[in-house]
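The structure appears right after this line, and notes come after that.
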Amino acid sequence: MPKSEALLTVKNLSVGFHTDKGDVTAIEGVSFEVRVGEILGIVGESGCGKSVTSRSIMRLLPKFNSFIDPQSEINFEGINIARADEKTMRSLRGDRIAMIFQEPMTALNPVFTIGWQLDEALKYHTSLDRRDRIERAVAMLKAVEIPNPRQRYYEYPHQLSGGMRQRVVIAMALCCDPELLIADEPTTALDVTIQAQILRLMDELRKKAETAVILITHDLGVIAQICDRVIVMYAGQIVETADVHSLFKNPQHPYTKALLESIPQTGREHHQTRLPTIEGIVPSLFELPEGCRFQDRCAYKTQECVDREPQLGEEINHRKVRCFFPLEGS
Amino acid sequence: MPLLEIKNLVKHFPVRGGLLNRVLKKVHAVNGVSFTIEKGEILGVVGESGCGKSTLGKLIIQLLDATAGEVTFKGRAITHLTASELLPFRRQMQMIFQDPHASLNPRMTVGSAVSEVLAFHKVVPRQELAAKVRELFSQVGVNLDSIDRYPHEFSGGQKQRVGIARALAVNPEFIIADEPVSALDVSIQAQVLNVLMDLKDEFDLTMLFISHDLKVVDHFCDRMLVMYLGFILEEVPCQDIHADALHPYTKALLGANPVSDPEKRHELTVLEGEVPSPFHPPQGCPFVTRCPLVTEQCHAEMPPLVERAVGHRVACWEV
């Protein structure tokens, strides 16, 4: 179960990009913390900034066209990642903070064996000798339930199925016992039966190794299944944070509520009914409205929402919401 | 008479290679499926990647030639027609694709993408083209000011609406929608599903709805086919799928789907075993390698698809 100590604290993170159309702020004032042993979900639609957030923590954003606001802080065990140099980042990445991506085939190098790729991180981050490294890698493959791990160690990515590849990527991420695992849409490209395997695996790892996980997804089902706390993002800002039970039972931000309602429900009474929708589209980051960013799609809009921009409020009962008129429980 | 009747449809893709470019092996994509679609029905097809659901859609609409079997549309076999004989049928059957960006020409405005179809099939006289395009766009909910814009200026949901408008341009009776909402965000997915539901009534459509998302199919369709390795394992009415499903594979799919409610968290069903290679499907039931109920008989012989109730057929020896 999650403990209360914060492993990672993000304060006021703002990230921008230089583009042909001028500079644009992709995420603005993002603050949150990740506690030891918890799974923190970040959910939102495409373009809401969830991947930019995770990549900033790994400092994987392209240097030539992106910039982190100097006020931003990303504190990980005494290190401010937002301003860390490349050498510090190299020692963190893959060792203490690891990341898994959506498409396992792009995360694996097709011309090297699975073993070679697992060995790379171990060679860099540990002082084990070759034989121990192989043992460690094979043990990791076994831990992610790959059949015949010793044989698979010498195989190439194309010889594995999609689900197995993603398990190899997870094994790579976990081989140095990271304290924080960032999973960016880890199951989106996979079938549900494979997704079930991966989710179960992540849940077990968290319980056994107390690894904290940031799980980024657009799938509220996945969030409901394994997350402890949830951050909802919209147009580059956090609009709501809460523990998973309160969020689903009593969403306070109109966007969260609408998002939850637009999931097709099973059961006779819902069959072939019209789905509640959020009309309109996410505003372009170049043409953000004054005031609340959700105003054009919000069913509860008032003049105040047009005039002033709401701030992410004070924490009440471990929840925060960016809305002048948070919804009451039903 | 059903609108569409599929009989023993088979599709094998040969894999060629070697010095003489001989057929080395065959991908068994669709292995003898039979079913019917009634007028006005929405039939869903679900299954994991590689189960043959997209190939099935392309076989029905004659974008691929079947290796064996027959597709009958309104009483007429269309499997062996020439291109010109097929033309009148093309007007009655249309397809909506998964990736709206890939299916729209980037160098054509969305308006001309739709009017091209209208002109080719001579749906309306030339002078009425523009008016018809406007009518279609308002029916699917695309902003009329954006008719002269290019696909890249649209969001995913808007592009998919253009794709739908183009499919509807010829007033088809039958539409195959291949993963039409899979590339879209949840809120946009709901919008597009609602549009499809409205248009189904307005245009009196019959639909084959292909998707990997059981939740969406269950919500949207009247009946669904569950496919696995080119076989239909179960055909089951939607509405109360959790109560009705009988086949262990359908149940596994349902059990592997997370419920969008943390209070109802359940241990996700995890299937052990690997999917057999489509080059060498097992002799008996294709699901033997992962099935919890497997017996001797399952290895020896493929169970027939047997009717259990109206609109409910199951291929399993054990249930």
Side-chain angles (χ1 to χ4, degrees), chain A residues 43-48 145 147 161-164 189-197 199-201 203 218-227 230 243-249 255 258-268 270-282 284 297, chain B residues 42 47-51 154-158 183-195 197-198 200 212-222 238-243 249 252-275 290:
Chain A
V43 67
E45 298 177 273
S46 12
C48 72
E145 293 170 34
S161 67
M164 275 215 261
L190 306 174
D191 283 314
V192 277
T193 55
I194 312 295
Q195 168 172 291
Q197 290 174 7
L199 293 182
R200 188 179 71 172
L201 184 66
D203 204 31
H218 67 280
D219 187 337
L220 288 155
V222 171
I223 294 275
Q225 181 68 31
I226 70 166
C227 291
V230 189
D243 72 277
V244 69
H245 297 278
S246 324
L247 188 91
F248 278 78
K249 201 187 288 170
Y255 176 64
L259 207 54
L260 289 172
E261 283 173 350
S262 58
I263 311 169
Q265 300 287 320
T266 49
R268 220 173 266 280
H270 300 288
H271 189 243
Q272 291 184 336
T273 52
R274 284 183 68 87
L275 293 163
T277 60
I278 313 176
E279 288 310 319
I281 54 167
V282 184
S284 152
R297 306 176 76 189
Chain B
I42 311 180
E48 297 176 273
S49 36
C51 74
F154 288 80
S155 66
Q158 290 287 304
L184 308 174
D185 280 315
V186 229
S187 73
I188 310 298
Q189 173 177 312
Q191 288 176 9
V192 172
L193 284 176
N194 283 344
V195 167
M197 221 179 294
D198 295 343
K200 192 217 151 224
H212 69 281
D213 191 336
L214 204 90
K215 251 187 254 173
V216 170
V217 170
D218 181 31
H219 179 86
F220 185 72
C221 301
D222 298 306
C238 301
Q239 282 190 17
D240 210 355
I241 174 94
H242 284 270
Y249 179 60
L253 279 183
L254 287 168
N257 245 312
V259 182
S260 306
D261 182 353
E263 310 302 327
K264 292 187 196 149
R265 257 180 214 187
H266 61 100
E267 192 76 20
L268 298 179
T269 311
V270 173
L271 286 171
E272 306 296 337
E274 293 291 320
V275 186
R290 299 163 88 192

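Residue numbers start from 1 in every chain, and the chains themselves are labelled A, B, ... in the order their sequence lines are given, proteins ahead of strands. These numbers were taken from a predicted model, which means no experiment stands behind them.
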Note to self: Heavy-atom cut-off 4.5 Å, strictly under: side chain, backbone, both or neither for B/Q158 against chain A?
What the structure shows: neither
Notebook entry, point to check: Between B/C238, B/S155, B/G255, which has the largest tally of heavy atom pairs under 4.5 Å with chain A?
Noted result: B/C238
Next item on the list: Under 4.5 Å, counting heavy-atom pairs only, tell me which of A/L220, A/V282, A/L247, A/I263 racks up the most with chain B.
Entry: A/I263
Next item on the list: Measure from the side-chain N and O atoms of B/D240 to the backbone N and O of A/R268, and report whether any donor-acceptor pair falls under 3.5 Å.
Entry: no
Notebook entry, point to check: Do you know which of B/P262, B/A256, B/S260 has the most heavy-atom pairs with chain A at a distance under 4.5 angstrom?
Noted result: B/P262
Note to self: Using heavy-atom distances under 4.5 Å, tell me whether B/D213 contacts chain A through its side chain, its backbone, both, or neither.
What the structure shows: neither
Check: Which atom names give the shortest non-hydrogen contact between B/R265 and A/V244, and what distance separates them?
Finding: NH2-CG1, 3.5 Å
Checklist line | Contacting region of A/L190 [heavy-atom separation from chain B under 4.5 Å] | finding: neither
Next item on the list: For side chain to side chain contact (heavy atoms under 4.5 Å, CB included), just list the numbers for A/E145 and B/V270, CA-CA rounded to whole Å, side-chain angles, deciding distance to a tenth of an Å, and then say yes or no.
Entry: CA-CA 12 Å; A/E145 293 170 34; B/V270 173; 5.8 Å; no
Notebook entry, point to check: Which value, rounded to the nearest 0.5 Å, describes the distance between A/Q197 atom CD and B/L271 atom CG?
Noted result: 8.0 Å
Checklist line | All side-chain hydrogen bond (donor to acceptor under 3.5 Å, both in side chains) counterparts of B/D198, not counting sequence neighbours | finding: A/R274
Check: How long is the gap from OG1 on A/T273 to NE2 on B/H219, to the nearest 0.5 Å?
Finding: 4.0 Å
Item checked: Proximity breakdown for B/L193 and chain A, heavy-atom pairs closer than 4.5 Å -> side chain
Next item on the list: Sort out for me which of A/G44, A/C227, A/S161, A/G47 touches chain B most, counting heavy-atom pairs under 4.5 Å.
Entry: A/C227
Note to self: Is A/I281 close to chain B through its backbone or its side chain, or both, or neither, when contacts mean heavy atoms under 4.5 Å?
What the structure shows: side chain
Note to self: Only pairs of heavy atoms separated by less than 4.5 Å count here; which of B/L268, B/V186, B/L253, B/D218 has the most with chain A?
What the structure shows: B/L268
Check: Quick one: what part of B/I42 sits under 4.5 Å from any heavy atom of chain A, side chain, backbone, both or neither?
Finding: side chain
Margin query: Please evaluate residues B/L214 and A/V192 with respect to the criterion side chain to side chain contact (heavy atoms under 4.5 Å, CB included), reporting the C-alpha separation (whole Å), side-chain torsions for both, the decisive distance (0.1 Å), and the verdict.
Written below: CA-CA 9 Å; B/L214 204 90; A/V192 277; over 6 Å; no
Notebook entry, point to check: Checking B/V259 against chain A: side chain, backbone, both or neither under 4.5 Å from a heavy atom?
Noted result: backbone
Margin query: Need one label for A/Q265: side chain, backbone, both or neither, based on atoms under 4.5 Å from any heavy atom in chain B.
Written below: backbone
Check: Measuring from B/D185:CG to A/H218:NE2, what's the distance to the nearest 0.5 Å?
Finding: 7.0 Å
Note to self: Taking side chain as everything from C-beta outward and backbone as N, CA, C, O, which of these in A/T193 sits under 4.5 Å from a heavy atom of chain B? Side chain, backbone, both or neither.
What the structure shows: both
Next item on the list: Please identify each residue that fulfils side-chain hydrogen bond (donor to acceptor under 3.5 Å, both in side chains) with B/E263, with sequence neighbours left out.
Entry: A/H245
Check: At a heavy-atom separation under 4.5 Å, does B/S187 approach chain A through its side chain, its backbone, both, or neither?
Finding: both
Notebook entry, point to check: Can you say whether A/L199 sits under 4.5 Å from chain B via the side chain, the backbone, both, or neither, judging by heavy atoms?
Noted result: side chain
Next item on the list: Report the option among A/I226, A/L259, A/L260 that has the most heavy-atom pairs separated by less than 4.5 Å from atoms of chain B.
Entry: A/I226
Check: Pick from B/I241, B/N257, B/D261, B/D222: which one has the most heavy-atom pairs with chain A under 4.5 Å?
Finding: B/D222
Next item on the list: Identify the two heavy atoms, one from B/P258 and one from A/G221, that lie closest to each other, and give their separation to 0.1 Å.
Entry: CB-O, 3.3 Å
Notebook entry, point to check: Top residue by heavy-atom pair count (under 4.5 Å) with chain B, among A/A258, A/S262, A/G162?
Noted result: A/S262
Notebook entry, point to check: Checking B/Q191 side chain against A/I278 main chain: does a donor-acceptor pair fall under 3.5 Å?
Noted result: yes
Next item on the list: Could you tell me the separation between the CD1 atom of A/I194 and the OG atom of B/S49, rounded to the nearest 0.5 Å?
Entry: 8.0 Å
Checklist line | Per-residue contact mode, A/Q272 against chain B (heavy atom under 4.5 angstrom) | finding: both
Next item on the list: Nearest 0.5 Å please: distance from the CD atom of B/Q189 over to the CG atom of A/L275.
Entry: 8.0 Å
Notebook entry, point to check: What heavy-atom pair brings A/G280 and B/I188 nearest, and what distance separates the two atoms?
Noted result: O-CD1, 4.3 Å
Next item on the list: Look up atom CD in A/Q225 and atom CD in B/E267, then write down how far apart they are to the nearest 0.5 Å.
Entry: 8.0 Å
